[in-house]
Asks: 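For reference, the structure I am asking about is given below.
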There are 2 protein chains.
Amino acid sequence: MEDTADRQAQEHGPEGGHGREGGRGREGGHGRAQGQEPGLELVHLLRGITVELDLLGAEFAARHGLHPTDLRALIHLLDADRAGADATPGLLGEQLGLNSASVTALVDRLERQGHVRRVRDTRDRRRVLLSVEDRAVALGWSFFGPLIRRVVAAAGSYDEAELDAVRRFLAETAGAVAAERRRAAEPDPAEGGSASG
Amino acid sequence: MEDTADRQAQEHGPEGGHGREGGRGREGGHGRAQGQEPGLELVHLLRGITVELDLLGAEFAARHGLHPTDLRALIHLLDADRAGADATPGLLGEQLGLNSASVTALVDRLERQGHVRRVRDTRDRRRVLLSVEDRAVALGWSFFGPLIRRVVAAAGSYDEAELDAVRRFLAETAGAVAAERRRAAEPDPAEGGSASG
DNA sequence: CCAATCATCTCGTTCATCGAGACAATAGCC
DNA sequence: GGCTATTGTCTCGATGAACGAGATGATTGG
């Protein structure tokens with residue numbers, strides 16, 4: 001299960017073919033047992049994490065009577081709260097990729113369960129600020145807390161250089177995903193021009 | 001129904017106050033305090049990746065006319081295919097946390113779109129094997145491919161020690177998530193033991 | 001062969017999400 | 001000050017994904 005991509009990588013992946021084909025049949029080496037791009041294994045690991053995490057989230061959500069989307073929303077809300085950023089339905093919908101109607105329903109659910117409260121912004125009265133309740137914070141902690149503790153504990157045994165390597169890798173991966181997302185968002189350069197009429 | 005909420009919300013508005021307000025906008029140049037547990041930042045990075053990845057998956061799925069669940073299913077199916085494991089509706093449902101009815105609908109969708117085919121198992125004729133079509137493989141690659149290439153490229157600039165650190169961290173994190181998932185699955189130790197009965 | 005079990009599928013219901021549009025408040029213009 | 005365009009949120013009706021319960025067909029064991 002941990003290797004969807006590696007076989008494909010050699011077929012479709014390296015565009016054109018590297019020519020490293022030669023001794024591929026023999027993996028008998030040492031060190032990198034996989035014999036392929038070293039990053040591939042990391043990708044697999046990462047993918048496994050996201051799959052498991054997703055599942056854990058779904059289970060946690062179901063256990064607490066909320067939908068996967070609700071949990072995702074809570075996470076974003078908690079995050080915004082922590083950063084001191086304004087959370088509004090519009091922003092939330094954007095972050096979750098949801099319709100405005102869906103966001104209204106989502107916030108309704110969250111509000112009904114006492115996780116957030118709608119607060120009309122005094123500055124721009126069009127806006128509604130989403131204020132997270134303690135209940136939501138507690139819920140968020142009960143989800144992330146144990147996980148965080150485990151990971152932090154694991155990270156404790158790394159020295160500075162190793163930590164830095166992990167940090168950089170994670171940051172670069174985040175950047176890669178974000179870049180891909182942007183790429184997917186606008187595959188439509190034809191639009192930007194002289195559509196004038 | 002719930003529309004009256006916003007009117008009231010502004011009256012409840014500032015009730016406790018979180019204590020942070022006013023010019024929180026200027027946090028200084030750094031962003032956030034790095035002085036915490038070193039692992040915490042890694043957790044945040046990781047979380048950011050999963051969020052973005054999830055969003056990317058949803059967008060990709062929408063673009064190809066399938067639902068987020070369909071993409072997840074395809075990923076699992078591709079994995080199983082690669083590992084040479086039998087893929088069946090039952091197994092798939094288990095991996096995705098879905099009802100058997102939902103799985104039937106899911107496989108119907110996938111089959112209708114030509115991604116998989118139902119094949120009656122000759123050994124145990126109760127079972128239906130899910131055979132992935134090339135179309136699905138290509139789709140999977142078009143989703144993971146670019147991402148993988150980016151990450152692999154990034155990983156290329158790391159030396160063995162760094163790679164090892166990242167690998168270990170990822171593996172430990174995966175283990176942590178899996179452990180948490182197991183913990184969540186049976187939070188019920190009191191039952192098997194000296195329950196009063 | 002009959003009963004128990006297992007894997008899958010069918011039926012009817014619930015509700016999350018969507019598209020389109022209504023409504024309220026703000027910002028810019030004169 | 002009033003007017004219009006824009007922005008942010010919410011409402012309505014429709015679609016369909018997921019669920020719970022149960023039916024159908026195949027396997028195992030006596």
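Throughout, a chain's letter reflects where its sequence line sits, starting with A, and its residues are numbered from 1. Just so you know, these numbers come straight off a predicted model, no measurement behind them.
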Asks: Tell me the interatomic distance from L96(B), atom CG, to dA18(D), atom P, rounded to whole angstroms.
Replies: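 Taking CG of L96(B) and P of dA18(D), I get 9 Å after rounding.
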Asks: Between R127(B) and R123(A), which is nearer to the 5' end of DNA chain C once each is assigned its nearest nucleotide?
Replies: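 Closer to the 5' end of DNA chain C: R127(B).
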Asks: The side chain of T69(A) is closest to which nucleotide in this list: dT17(C), dT27(D), dG8(D)?
Replies: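 So the nucleotide nearest the side chain must be dT17(C).
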Asks: What does R118(B) touch in the nucleic acid at a heavy-atom separation under 4.0 angstrom: a base, only the sugar-phosphate, or nothing?
Replies: sugar-phosphate
Asks: Got L74(B) and L66(B) here, is their nearest side-chain heavy-atom distance under 4.5 Å?
Replies: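 Result yes, sub-4.5 Å side-chain heavy-atom pair found.
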Asks: Under a 4.0 Å N-O cut-off, is there an ion pair linking D121(B) with R125(B)?
Replies: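 Salt bridge flag = no for R125(B) with D121(B).
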Asks: Is any NZ, NE, NH1 or NH2 atom of the basic residue among R72(A) and D54(A) found under 4.0 Å from an Asp or Glu carboxylate oxygen of the other?
Replies: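 Salt bridge between R72(A) and D54(A), a charged N being under 4.0 Å from a carboxylate O: no.
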Asks: Using atom CG of D121(A) as one end and atom P of dA27(C) as the other, report the distance to the nearest whole Å.
Replies: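 Answer to the nearest Å: 11 Å.
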Asks: Output the rounded distance in Å from CG (D124(A)) to C1' (dA27(C)).
Replies: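 Value for this atom pair: 10 Å.
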Asks: Rounding to a whole Å, what distance do you find between R125(A):CZ and dT6(D):C1'?
Replies: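 Interatomic distance, CZ of R125(A) to C1' of dT6(D): 18 Å.
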Asks: Using the side-chain hydrogen bond (donor to acceptor under 3.5 Å, both in side chains) rule, pick out the option among H115(A), Q113(A), R117(A) that qualifies with E133(A).
Replies: R117(A)
Asks: Calculate the interatomic distance between D108(A) atom CG and dC15(C) atom C1'; express it in whole Å.
Replies: 13 Å
Asks: Distance check: side-chain N/O of T88(B) vs OP1/OP2 of dA7(C), anything under 4.0 Å?
Replies: no
Asks: Would R181(B) pass as a cation-pi partner of F60(A), given that its NZ or CZ must be under 6.0 Å from the six-membered ring centre and within 45 degrees of the axis?
Replies: no
Asks: Separation of L66(B) atom CG from dA18(D) atom P, in whole Å?
Replies: 12 Å
Asks: Judged by each residue's nearest nucleotide on DNA chain C, which is more toward the 5′ side, T122(A) or D70(A)?
Replies: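 Per heavy-atom nearest nucleotide, the more 5' residue is D70(A).
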Asks: Please state whether the phosphate of dC15(C), meaning OP1 or OP2, lies under 4.0 angstrom from any side-chain nitrogen or oxygen of R109(A).
Replies: no
Asks: Are any of the side-chain nitrogens in R150(A) or E172(B) under 4.0 Å away from the carboxylate oxygens of its partner?
Replies: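 Here R150(A) does not pair with E172(B) in a salt bridge, since their nearest N and O are not under 4.0 Å apart.
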Asks: Mind listing the residues from residues 98-107 of chain B sitting with a heavy atom below 4.0 Å of DNA chain D? Number order is fine.
Replies: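 L98(B), N99(B), A101(B), S102(B), in order of number.
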Asks: Take atom CD of E111(B) and atom P of dT8(C), then tell me their distance rounded to the nearest Å.
Replies: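 It is 13 Å, rounded to the nearest whole Å.
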Asks: Are D108(B) and R118(B) close enough for a salt bridge, meaning some N to O gap below 4.0 Å?
Replies: yes
Asks: Touch check for G97(A), heavy atoms < 4.0 angstrom, all strands: base, sugar-phosphate only, or nothing?
Replies: sugar-phosphate
Asks: In whole Å, what is the span from the CZ atom of R126(B) to the C1' atom of dA7(C)?
Replies: 7 Å
